[in-house]
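As structure tokens, the structure follows; a few thoughts come after it.
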Amino acid sequence: MTGAPTASSTLKTDPSEPSLGPRGTAIFVLAVLVIIAALVYGAFVIGPWVIGIAALATVPVIYVALILISVGR
């Protein structure tokens, strides 16, 4: 007698798919915090226009990230 599929039986993990892991997650979060701290420091030392320049500089990076996500990489 087979019942309805459960959540644990329907979830299949692909072993070939890379996983970030806890160390990679910690490094990513630390990098994001360092970048935010640098922007805040620059805004206080140089002026608030630093945030606008940083936002303008990240536009190409965001475009590349969106292209890679849409392609599936």
Side-chain angles (χ1 to χ4, degrees):
M1 180 170 161
T2 61
T6 61
S8 61
S9 67
T10 57
L11 293 177
K12 297 184 182 192
T13 57
D14 187 8
S16 64
E17 186 175 331
S19 174
L20 189 58
R23 184 175 178 188
T25 304
I27 291 172
F28 176 76
V29 170
L30 183 64
V32 168
L33 290 177
V34 166
I35 292 170
I36 291 172
L39 286 173
V40 171
Y41 177 75
F44 279 114
V45 172
I46 299 172
W49 60 272
V50 170
I51 296 173
I53 297 297
L56 187 62
T58 57
V59 169
V61 176
I62 292 170
Y63 277 131
V64 170
L66 289 174
I67 290 170
L68 290 175
I69 289 171
S70 66
V71 171
R73 292 189 181 193

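Note that these values count all heavy atoms, side chains included, but never hydrogens, waters or copies made by symmetry.
The nearest pair of heavy atoms linking I51 to L39 is CG1-O, 4.4 Å. In terms of heavy-atom proximity, V50 sits nearest to G42 at CG2-O, 3.7 Å.
Cluster annotation: V45 is connected to I53 through the hydrophobic network of ILVMFWY side chains, with a link wherever side-chain heavy atoms come within less than 4.5 Å.
The OH atom of Y63 sits 11.0 Å away from atom OG1 of T58, with the distance rounded to the nearest 0.5 Å.
Through direct or relayed side-chain contacts under 4.5 Å between Ile, Leu, Val, Met, Phe, Trp and Tyr, L66 connects to I62. Grouped by direct or indirect side-chain proximity (heavy atoms under 4.5 Å, Ile/Leu/Val/Met/Phe/Trp/Tyr only), I27 sits alone.
Of the residues listed (T25, L30, V32), the one engaging F28 in a side chain to side chain contact (heavy atoms under 4.5 Å, CB included) is V32, and it is the only one.
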